[in-house]
Amino acid sequence: MLYSFGEIEGKWQKRWYASDLFKAKDDTSLPKYYPLIEFPYPSGSGLHVGHPRAYIALDIIARKRRMQGFNVLYCIGWDAFGLPAENYAMKNKVHPRVVSQNNIKRFKSQIQRLGISFDWSREINTTDEKYYKWTQWIFLQLFKKGLAYKAETIVNWCTGCNVVLANEEVVDGKCERCSSEVIKKQKNQWILKITGYAQRLIDDLDEVDFPSKVKSSQINWIGRSEGVNIQFKITTGDTLEVFTTRPDTIYGVSCMVISPEHRFVSQWLDLAANPAAMRNYVEAAAKKSEIERTSLDKEKTGVQIEGIFAINPVNQAQIPIFISDYVLTSFGTGAIMAVPAHDPRDSEFAKKYSLPIIEVIKEAGPSSSACESEKLINSGMLDGLSIKEAQKKITDWLEETNFGYKKVNFKLRDWVFSRQRYWGEPIPIIHCEKCGYVPLDESELPLELPEIESFEQMEAGISPLENLTDWVNVKCPKCGAAAKRETDTMPQWAGSSWYFLRYCDPQNDQELASQKALDYWMPVDWYNGGMEHTTLHLLYSRFWYKFLFDIGVVQTKEPYAKRTSHGMILGENNEKMSKSRGNVVNPDDVLDKHGADTMRLYEMFIGDFESAASWNTDSIKGCARFLERVWGLLKLPTSDADDFSDGLKLSFNKTIKKVSGEVEDLKFNTAIAALMSLLNEIYVASKINRFELKTFLLLLCPFAPHISEELWERCGLKGLACTSSWPEYNDADCLDSSTEIAIQINGRIKARIVIRTDEIKEEVLKLAKSEPSIREILGNSKIKKEVYVPRSLVNFVV
RNA sequence: GCGGAUGUGGCGGAAUGGCAGACGCGCCAGACUUAGGAUCUGGUAUUUAACGAUGUGGGGGUUCAAAUCCCUUCAUCCGCACCA
């Protein structure tokens, strides 16, 4: 008897989605649980077998929580703005809305075939104006608080997408999405002041349960460094400020280096002896790409600003000044004091330009361990001090003499937020010559994305919206004069920065969600998503959430109490699945051939949830066979009972305990293994009572809900499996009355005996010694030590 | 360079100081079969005729006891990277 999964799965899915079974209730008196998966971008290629890994995992949690009596909010939506749909639209002359609607339809049917228990009544879509009304509203609040500003800065420019990119979107000097080369460009852009939250984004990580890798990546990305800003007087009368974490090395300074974009470069052109050389160098640096400029193996280049010098405040030494692109404009003050003796980069530079190398720290001998033994030398007032002491003394001195002050710097840059594209949320700002940037009145939200003929940029880097003169030309809301709308749109990360708040109250047209709903549901209890979002979506959404906390919209500091990450599913050849590699597995094929329950089990059984795993078509069979054998339970002789039989009581208790615990630790693979073992034992017993059958189906239900529900019904059990209570176990019943232990001599196993589980130590040792083979080996050698690990082993040391 | 991992049978992987290889795939043998890419039963780390010995990347250490803890080394992967 083969079970026909096709019919069964279709039948239950229809019933589930037609009912309120998985709908979250607005009853705030119930204990709540909010699991969250990253909502997908509905791409044209349909669902990938990687998507369901996360959906199934949290579906298991969601289903188990419902069985445990929680009010569960488990939702999905569509992150549907973005470039792929727009590019497809340009090529095929279809509106991106139509493109993404079709993709969503396909994604939805594929996901529903998996029997995931999403609350579809709360489905959201970032491109829906009722949704992006609130994305725009949040932007306006940021603007009003001065956290959204427009500024002419040097930005990352993707030469492929013709669009600016946030720092987080540049990977190895290339565009995160299309891998085209990224260059630096001076541009006027909307920017969000995420740097204002840098310290809190680090500090509040202490409050959340995230993988240490995620925490350290974010901390590393934010890149806090503590140091001192030091002011050097310049022979021109200017003051050059540098940032350093090593003020103690100030006597070792042999030159100053400023970045090619430093404001003093142009200021000093007329004063320097070599303006032509300076100009050449700066122009050459500007032409370099991001990769060229940051490449580490490249030789350092630079040019001296002749005739202008800096004065070292501690010893009045006259120091030459250089321009070099190894100094970054965007970090610190864009200028450094170079200490070649104690910084490898400065050392490389000094060697090339034959600058003095002044050692100011006596290197510790090879025998001494820490820098504790290192002492300052050649350093005037700092001589003989340790590095720590010297840092304190020089910092105090600099502050007293007004030559410097303590400073904390971050690597994190502000978030460049505008994109020169059509398919995104319009930025609700009007530019008036007289009044500057004027926000749209909130009553006019949503500012709808207008219909448009062509999605092509008329000119590289200019939004297609620029062509819609009727839409662009408006009256200034403040003074009534002629003004223009902002034509750039928001980046894809905007809509995804707050979507989990909307699930709490998705139909609300008065607020982004009601206070009551937010207070009840937030924070998200368990958020699972990809590592690739660690310094993008995960960081951005924490920033927005903190801002919403500050303006009183939400009541907790952090949006996600717990974060986990699933590993990627690779192709059979161990490589990332991609069309070009020809190793893509289509979930539809798997579903057609094996059904949803088998696919669900297989994706959870494939290996450690947090590690990458390669797809293996042969291994799916194991899960399919398991379900066939589950189906075969119908054939076993069944007796009425309201408790476990003596023969299976132990196994059932142990399995309930194991499955209950392991699911919480993301150990789905071993939880399923435990269910397989239990089934094997049931077959060895070759009978099952109704209570056992019921318990087995309840344990299986979150993993393979369709077959569990079908068998539940066929066995005449009451109600539905998925609305019944999660089974309980008794700790005392997880121990057998007798157990086999190993007997070791000097750590090597020599025999095994069966003892009563509650046997006292002395008796066990006596039994072990009297075991014939042990008695023989021991002979009359003297036992030095006897170790007994309860219910496990005995070790005699002779 | 900095940070984070990982390394166990033919394969995916179990075991967080206490009997290495659970569970599954594959493979081998048998049963049932006209048939088997179905199902069932048994077996399956290496070495040895056997008793036994060896075995968790390599080396060292702690311990009665180490895949697990410490030191060292090699290899692979991931993130960040001229951040002063």
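In what follows, chains are A, B, ... by sequence order, proteins preceding strands, each numbered from 1.
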Checklist entry - Hey, does A/Ile336 reach any base, or is it just sugar-phosphate, or nothing, if we go heavy atoms under 4.0 Å? => result base
Item to check | Mate of B/C80 where both pairing distances stay under 3.5 Å, Watson-Crick or G-U | outcome: B/G1
Item to check | A/Lys411: partners by salt bridge (charged side-chain N to carboxylate O under 4.0 Å, His left out), with sequence neighbours left out | outcome: none
Next on the checklist: Syn if the chi torsion is within 90° of 0, anti otherwise; quick check, which is B/G9?
Outcome noted: syn
Item to check | Test ring-ring contact (aromatic ring centres under 6.0 Å, His included) applied to A/Phe322 and A/Phe349, step by step | outcome: CA-CA 10 Å; A/Phe322 283 75; A/Phe349 190 74; 5.3 Å; yes
Checklist entry - What nucleic acid atoms does A/Arg413 come within less than 4.0 Å of, heavy atoms only: base, sugar-phosphate, or nothing? => result nothing
Next on the checklist: For a quick check, tell me whether the side chain of A/Lys411 and the base of B/C80 share a donor-acceptor pair closer than 3.5 Å.
Outcome noted: no
Checklist entry - How would you label the contact of A/Asn680 with the nucleic acid (heavy atoms, under 4.0 Å): base, sugar-phosphate, or nothing? => result sugar-phosphate
Checklist entry - Do the side-chain N and O atoms of A/Trp493 and A/Glu168 include a donor-acceptor pair separated by under 3.5 angstrom? => result no
Checklist entry - Taking the side chain as C-beta and beyond, is there a heavy-atom pair between A/Arg756 and A/Val764 under 4.5 Å? => result no
Checklist entry - For A/Phe668, which residues count as a ring-ring contact (aromatic ring centres under 6.0 Å, His included) partner, sequence neighbours excluded? => result A/Phe609
Could you list the protein-to-nucleotides 9-16 of chain B atom pairs, N/O on both sides, closer than 3.5 Å?
{"residue": "B/G12", "atom": "O2'", "partner": "A/Ile606", "partner atom": "O", "Å": "2.6"}
{"residue": "B/A14", "atom": "OP1", "partner": "A/Asn669", "partner atom": "ND2", "Å": "3.2"}
{"residue": "B/A15", "atom": "OP1", "partner": "A/Lys667", "partner atom": "NZ", "Å": "3.1"}

Checklist outcome for this item: Applying the 3.5 Å cut-off to both distances, the Watson-Crick or G-U partner of B/G21 turns out to be none
Checklist entry - Heavy atoms under 4.0 Å, any strand shown: does A/Arg629 hit a base, just sugar-phosphate, or nothing? => result sugar-phosphate
Checklist entry - Checking all strands, does A/Glu786 fall into the base, sugar-phosphate, or nothing category for heavy-atom contacts under 4.0 angstrom? => result nothing
Item to check | Distance-only side-chain donor-acceptor flag, A/Thr617 / A/Glu572, under 3.5 Å | outcome: yes
Next on the checklist: Using every non-hydrogen atom in the two residues, find where A/Asn616 and A/Tyr602 come nearest and quote the distance to one decimal.
Outcome noted: N-OH, 2.9 Å
Checklist entry - Taking N and O atoms by type only, does the side chain of A/Asp618 place a donor or acceptor under 3.5 Å from a partner on the base of B/C25? => result no
Checklist entry - Which part of the nucleic acid does A/Lys621 contact within heavy-atom distance under 4.0 Å: base, sugar-phosphate only, or nothing? => result sugar-phosphate
Next on the checklist: Under 4.0 Å, heavy atoms only, any strand: does A/Val327 hit a base, just the sugar-phosphate, or nothing?
Outcome noted: base
